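Keep in mind it's a predicted model, so treat the numbers as computed, not measured.
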Amino acid sequence: MGVTSGVHERARLLAATVLLLGYSTAVACSADSVVPTAPSPGLDSARPVRVTPAPTASSRTTPGIELTVVPKPDGSFDVIEKLTLPTATDMLPLQLPASGAELPGMMSPTTPQVTNLQVFADDQSVPLENTTLPGADYVPLTIAAARIRLTYRLSGSAVLATPSRTGRASAAIRPLTASTAAGLPTDLTVTSGLLNAVCPLLPEPRCAVGDPPHLAVKLGIPAGKALVVLQLDLPR
């Protein structure tokens with residue numbers, strides 16, 4: 001009985017050892033067969049990257065002038081002019097750009113004229129006797145205001161280049177409200193086609209910054225010196 005019992009015990013131990021070795025081998029083989037996988041992308045990796053372009057002009061909340069100039073195919077310009085004054089006024093002096101007769105890059109006489117003039121004082125429309133401005137004038141405001149906005153069409157201020165390619169032009173631009181406060185910083189934005197900009201009243205006349213097609217006019221030019229000669233390709 002003792003011998004038989006010993007034999008049975010050795011057989012049981014041997015079977016247990018075989019099972020343990022088989023399990024270890026299976027686990028090792030299974031681990032070797034698993035191919036590592038990259039973690040699945042999260043929500044952030046699937047989100048498109050947005051690039052915000054650098055602004056070409058500031059949006060002023062401090063005193064100054066913002067001038068947005070939209071060139072038209074015929075050499076005229078649609079203009080939005082925003083004036084923010086340090087103190088309110090009830091009288092608005094207006095002045096047209098100079099003739100191009102003696103301006104660098106033009107050297108040809110021009111006859112600037114403003115039509116379709118609209119004036120808003122603190123967002124209230126100002127009634128005008130005449131919406132055409134052939135020369136210097138004063139516009140009385142219905143209320144004293146520090147925030148004034150003008151919209152208008154400027155024509156007769158451009159010289160088409162010949163025999164250069166069709167659509168190339170030079171034009172003299174300045175804020176109509178430049179004489180209101182000569183020291184106000186002025187930001188001028190040309191929406192398309194700008195090739196160069198010269199400010200003949202500044203000590204350093206070239207006032208273009210950047211490179212085409214992202215050329216812009218220098219910011220913060222004092223209003224009294226913000227006469228700008230633009231070289232541009234007009235839209236077709």
Hey, what do you get for [atom1] ([X]) to [atom2] ([Y]), rounding to the nearest 0.5 Å?
X      : Y      : atom1 : atom2 : answer
Lys82  : Phe120 : NZ    : CZ    : 12.0 Å
Arg153 : Asp74  : CZ    : CG    : 6.5 Å
Ile148 : Thr89  : CD1   : OG1   : 6.5 Å
Ser192 : Lys72  : OG    : NZ    : 9.5 Å
Thr151 : Glu81  : OG1   : CD    : 10.5 Å
Thr189 : Leu219 : OG1   : CG    : 7.0 Å

Does the side chain of [Y] come within less than 4.5 Å of [X]'s, by heavy atoms?
X      : Y      : answer
Pro97  : Pro112 : yes
Leu176 : Leu96  : yes
Leu232 : Phe77  : yes
Ile173 : Leu154 : yes
Gln118 : Thr131 : no
Pro222 : Leu184 : no
Leu117 : Leu150 : yes
Leu103 : Leu227 : yes

Next item on the list: Not counting sequence neighbours, list each pair that qualifies as a salt bridge (Lys or Arg N to Asp or Glu O under 4.0 Å) and has a residue in residues 197-211.
Entry: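 The answer is none; no pair qualifies.
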
For [X], all residues meeting side chain to side chain contact (heavy atoms under 4.5 Å, CB included), sequence neighbours excluded:
X      : value
Thr180 : Leu83, Leu85, Leu92, Pro93, Thr177
Pro235 : Pro71, Pro73
Pro140 : Met91
Ala101 : Ser99, Pro109

Quick check: closest heavy atoms across [X] and [Y], and the distance to 0.1 Å?
X      : Y      : answer
Arg168 : Asp233 : NE-OD1, 2.9 Å
Ile143 : Ala121 : CD1-O, 3.8 Å
Val217 : Ala197 : CG2-CB, 4.0 Å
Ala226 : Ile221 : CA-CG2, 3.8 Å
Ser170 : Gln231 : OG-OE1, 2.8 Å
Ser157 : Ala172 : OG-O, 2.6 Å

Note to self: Against Leu67, only a single residue in Val190, Asp187, Val228, Leu188 fulfils side chain to side chain contact (heavy atoms under 4.5 Å, CB included); can you say which?
What the structure shows: Leu188

Margin query: Before you tell me yes or no, could you show the steps for Val119 and Arg149 under side-chain contact (heavy atoms from CB on, under 4.5 Å), namely the whole-Å CA-CA distance, both residues' side-chain angles and the distance that decides it to 0.1 Å?
Written below: CA-CA 6 Å; Val119 178; Arg149 177 168 55 92; over 6 Å; no

Flag yes if [X] and [Y] sit in one hydrophobic cluster, no otherwise; membership is Ile, Leu, Val, Met, Phe, Trp, Tyr, and two members link when side-chain heavy atoms are under 4.5 Å apart.
X      : Y      : value
Met106 : Leu194 : no
Val79  : Val139 : yes
Val229 : Met107 : no
Leu201 : Val69  : no

Next item on the list: Evaluate side-chain contact (heavy atoms from CB on, under 4.5 Å) for Ile80 paired with Val70, printing each intermediate quantity in order.
Entry: CA-CA 9 Å; Ile80 300 173; Val70 182; over 6 Å; no

Next item on the list: Can you sort out the partners of Asp122 under side-chain hydrogen bond (donor to acceptor under 3.5 Å, both in side chains), two or more places apart, ordered by chain and number?
Entry: none

